[in-house]
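Below is one structure, written out as structure tokens, with a few remarks after it.
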Amino acid sequence: MNFDDTPQEAAFRAEAKAWISANAPKQYEEELRKSSLGRTVLKGANILEVAKAWQKKKADAGWACLHWPKEYGGRGSSPIERVIWQQEEGPFGKLSGMFIIGHGMCGPTMMAFAGEEQKRKYLPPLASGEKVWCQLFSEPAGGSDVAGLRTRAEKNGDDWIINGQKIWTSGAHYSDYGILLTRTDPNVAKHKGLTMFFLDMKSPGVEVRPIKQASGQSDFNEVYFTDVKIPDSQRLGTVNDGWNVSLTTLMNERMSIGAGVSTGFPELFDFCNSLMLEDGPAIEDRSVRSKLANYAVKASGLRYTSMRAISALSKGERPGPENSIGKLVAGSMVQEVAMYALDLQGAAGVLSGPEEAEVAGKFQAMLLRAPGTRVEGGTDEIMRNIIAERVLGLPGDIRVDKDVPFNKIPTKGRA
Amino acid sequence: MNFDFSDEQKQMRDEARKFLAEKCPPKAVREVLDGKAPYDKTLWKGLAEMGFLGVAIPEEFGGAGAGHLELCVIAEEMGRANAPVPFSSTVYLAAEALLLAGSDAQKQKWLPKIASGEAIGTLALFEGKGNPSPKAIKLQASGGTLSGVKKPVPDGAIADFAVVAARTGSTGRDSDISLFLVDLKTGGVEAKSLTNVDPTRGQAELTFKNAKAEPLGAAGDGWSILTQVLDRAAVLLAFEQVGGSDRALEMGRDYALDRIAFGRPIGSFQAVKHILADMYVSATLARSNCYYGAWALSTNASELPEAAAAARISATQAFQHCSKNNIQVHGGMGFTWEFDCHMYYRRANTTALTLGSLSYWEDQLIDRMRKKNAA
């Protein structure tokens with residue numbers, strides 16, 4: 001049980017700190033520090049350009065995708081070095097948001113299933129942020145039930161022809177490539193007829209339509225495929241084995257989403273520490289303190305749970321389903337924190353403009369973004385099922401569609 | 001950084017678990033629950049022989065001199081087994097107070113007896129309702145004697161000695177409080193057992209009538225020492241609470257796999273699965289907070305006060321959550337005397353109050369975070 005850096009870790013930290021201090025875009029530090037879930041706005045700058053520039057700079061100096069192998073644009077670092085980097089990168093790490101899916105999910109899937117030549121071609125520009133990737137899994141008919149998807153891929157010579165629709169695709173509107181899960185055989189049970197590909201998002205027949213979210217922002221998209229051609233050489237894994245390929249992606253997804261998820265606690269603590277209520281400072285109010293303490297131990301519990309996972313990882317243990325807890329706990333916590341911070345503002349809690357709202361509308365933005373956190377990457381309910389079934393060993397849900405050919409599964413509830 | 005117990009410490013945990021599974025089955029806990037004995041004397045002796053009572057006591061005072069991380073893993077197993085022995089009062093409270101503030105002679109006198117199982121110790125702090133506070137301490141010290149009443153005192157009726165918090169000044173400051181060591185067998189103290197929610201852990205009223213007492217630590221340092229003792233005990237007791245949480249979760253899980261209703265195991269119903277998943281979540285968050293507390297305790301880090309409060313709150317919540325939902329998963333059977341669920345439910349709700357209530361520790365945590373923030 002030791003929280004101190006080893007000499008090797010200390011040397012890595014010093015090197016990282018020095019490089020960040022000399023190279024980070026400091027002009028945005030304050031805005032990034034103040035930004036929270038649902039609101040990262042840089043005045044007078046295009047955040048995509050700032051993020052890409054910072055990522056490129058990191059890649060050129062060998063600080064991008066730390067845990068990836070060097071030949072694919074990474075650094076070959078240990079899990080603990082990755083944590084040290086995150087600690088030192090601080091608010092500038094918030095600029096990595098647009099790369100999370102590419103770096104956390106698409107990259108690892110490519111590493112596991114693409115050919116060597118493809119890996120050397122596609123991974124370095126993904127690591128450096130020059131090319132952005134998205135993940136095309138969810139569909140109107142298959143959200144939590146990923147294997148329920150209907151987008152078809154049909155073989156035509158050396159190509160596959162794709163028709164169908166995806167939804168909730170984060171970042172598709174600025175992505176260059178995507179990994180795509182399709183149905184290649186509707187006559188077998190749903191998990192057995194899927195195939196995974198990667199494709200150029202600029203391919204003819206791909207149409208991206210941003211979805212306006214409850215928050216008013218558009219982070220997600222609908223993506224339509226009309227006779228889109230994908231060469232067979234861009235298939236990942238064998239035909240009809242897409243379910244297994246996607247499990248690799250989803251496991252990496254839980255690791256990368258679960259590790260960095262925001263709880264809203266630091267923001268709430270700072271807020272309560274400075275807020276004045278009618279009867280005096282909020283932080284001296286008994287009920288406020290009780291609430292804060294409850295959130296504090298959840299936030300610290302998550303922090304140390306992820307440190308335990310990293311310790312296990314550095315000993316060579318594989319990340320397990322227990323990592324689902326990060327997103328499950330933080331997702332509903334951030335929502336509650338936002339509601340509580342608004343409650344403390346009383347009638348004025350409804351105001352969200354940067355000028356008239358407390359702390360520039362930070363919690364109002366968090367409130368409107370929070371419902372998505374509880375759904376994306378698996379709903380709270382799916383996370384609880386994963387814990388119950390895969391950690392505690394309870395029986396799986398009864399699945400009436402499990403052994404039924406996909407094209408015989410009912411598609412409507414009430415007839 | 002390495003955020004886990006060492007292989008040796010894990011081995012010690014396995015050893016303690018095996019020992020307790022054999023020597024402290026639910027049947028043994030029930031003997032005490034049913035009032036056949038005030039505590040399990042055979043188990044207490046066995047714990048001494050295994051070296052568990054003195055695991056964090058230095059060798060020069062008769063202990064194993066291992067350390068607090070080792071004590072944490074033992075504590076977890078004591079909680080898992082729901083052991084009906086005065087471990088927490090003797091080892092976390094009395095021994096820690098002696099280690100922190102005792103003179104060499106006091107340590108020589110009591111610590112070897114704790115390690116060998118010959119002496120049971122306790123901390124006499126509370127005087128009726130309320131949480132730890134210098135203002136609440138009325139018991140008076142004068143001329144080397146103490147007069148007043150303490151209650152509830154954990155294991156007070158079976159203890160051989162007590163660390164007693166007494167008033168030695170009237171300035172209204174924390175420095176009015178001093179600690180004393182009282183040999184409860186030398187007269188001047190009347191002990192009365194009190195009925196309580198968890199009969200496997202005794203509570204008593206101690207009445208001091210000019211009882212002979214020797215100072216423990218410097219006069220006026222009492223409150224500062226007590227705060228440290230409570231923080232250390234909070235981490236250790238939190239490990240017991242985590243052990244109890246895990247056991248309650250296991251009981252619920254096992255029952256959900258065995259019990260058939262509507263033609264299938266109840267553990268296959270999502271409503272039941274999700275109760276158990278939430279129990280796992282609370283136990284895991286508590287365990288992680290406890291590990292941080294263990295690190296802070298074992299290194300005497302400046303983070304200890306904050307880490308101790310976080311571990312305490314998180315583990316209290318987890319044990320209450322897991323023990324109540326274990327009963328829920330068991331349905332009607334869970335509410336019967338015959339099933340063991342209520343023993344963990346009792347323990348969860350009494351350990352929740354042993355060192356001051358949840359709201360007290362919530363208050364402490366926020367104070368400590370504010371101080372750190374201001375620094």
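What you see is a predicted model; the values in this text were computed from it and never measured. To find a chain, count down the sequence lines: A is the first, B the second, and so on, and within it residues start at 1.
- Counting heavy-atom pairs closer than 4.5 Å to chain B, the top-ranked of the candidates A/Val83, A/Leu302, A/Asp270, A/Asn385 is A/Asn385.
- Contact detail for A/Val297 and B/Ser314: the closest heavy-atom pair is CB-CB, 4.1 Å.
- The number of heavy-atom neighbours closer than 6.0 Å to NZ of B/Lys10, taken from other residues, nucleotides and ligands shown, is above 12.
- Put simply, of B/Gln364, B/Glu250, B/Gln9, B/Arg253, the one with the most heavy-atom pairs under 4.5 Å next to chain A is B/Arg253.
- Residues A/Ser311 and B/Asp4 bring no donor and acceptor atom of their side chains to less than 3.5 Å of each other.
- Looking at A/Val288, there are no atoms closer than 4.5 Å to chain B (heavy atoms on both sides), in backbone or side chain.
- The two residues A/Asp397 and B/Ser268 come nearest to each other via the heavy atoms OD1-O, 4.3 Å.
- A/Arg289 contributes no side-chain N or O that, together with a main-chain N or O of B/Ile366, makes up a donor-acceptor pair within less than 3.5 Å.
- Using cut-offs of 30° and 60° for the angle between ring planes, the B/Phe3 and A/Tyr304 rings count as perpendicular.
- For the 3.5 Å distance criterion, the side chains of B/His274 and A/Asp380 fail to qualify, holding no donor opposite an acceptor.
- Taking A/Val329, A/Val391, A/Leu394 one by one and counting their heavy-atom pairs under 4.5 Å with chain B, the maximum is reached by A/Leu394.
- Summarising the geometry of A/Ala296 relative to B/Leu365, their closest heavy-atom pair is CB-CD2, 3.9 Å, with the distance given to 0.1 Å.
- A/Gln87 CD: more than 12 foreign heavy atoms inside a 6.0 Å radius.
- Rounding to the nearest 0.5 Å places NZ of A/Lys315 at 6.5 Å from CG of B/Asp7.
- Both the backbone and the side chain of B/Asp367 come within contact range of chain A, each with at least one heavy atom under 4.5 Å from a heavy atom of that chain.
- Of the listed residues (B/Phe5, B/Tyr291, B/Phe269), the greatest number of heavy-atom pairs within a distance under 4.5 Å of chain A belongs to B/Tyr291.
- Note on A/Asp4, A/Ile283, A/Asp5, A/Ile387: by heavy-atom pairs under 4.5 Å with chain B, the leading option is A/Ile283.
- In this structure, chain B has a heavy atom under 4.5 Å from the side chain of A/Ile325, while its backbone stays farther away.
- When all heavy atoms of B/Lys273 and A/Gly396 are compared, the pair lying nearest together is NZ-C, 3.6 Å.
- More than 12 heavy atoms of other shown residues, nucleotides or ligands fall within 6.0 angstrom of atom CD in A/Glu29.
- Note that OG of A/Ser290 is 7.0 Å distant from CG of B/Leu358, once rounded to the nearest 0.5 Å.
- With chain B as partner, the option from A/Thr6, A/Leu328, A/Asn273 having the largest number of non-hydrogen pairs under 4.5 angstrom is A/Asn273.
- Contacts of B/Arg264 with chain A are made by side-chain atoms alone, with heavy-atom separations under 4.5 Å and no backbone atom involved.
- The distance from atom CG of A/Asn294 to atom CD of B/Gln317, rounded to the nearest 0.5 Å, is 4.5 Å.
- At a threshold of 4.5 Å between non-hydrogen side-chain atoms, the residues A/Met307 and B/Tyr292 do not count as touching.
- Atom CH2 of B/Trp295 and atom CE of A/Met1 lie 11.0 Å apart (nearest 0.5 Å).
- Put simply, of B/Leu285, B/Thr284, B/Val281, the one with the most heavy-atom pairs under 4.5 Å next to chain A is B/Leu285.
- No other option in A/Arg303, A/Glu389, A/Lys291, A/Arg286 has as many heavy-atom pairs under 4.5 Å with chain B as A/Glu389.
- Distance check: A/Ser300 OG to B/Met369 CE gives 7.5 Å after rounding to the nearest 0.5 Å.
- Atom CZ of A/Arg384 sits about 14.0 Å away from atom OH of B/Tyr280, to the nearest 0.5 Å.
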Working for side chain to side chain contact (heavy atoms under 4.5 Å, CB included), residues A/Leu392 and B/Leu249:
CA-CA 9 Å; A/Leu392 300 178; B/Leu249 169 59; 4.1 Å; yes
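- For a residue to count as touching a neighbouring chain, one of its non-hydrogen atoms must lie under 4.5 Å from one of that chain's; by this rule A/Ile80 touches chain B with the side chain only.
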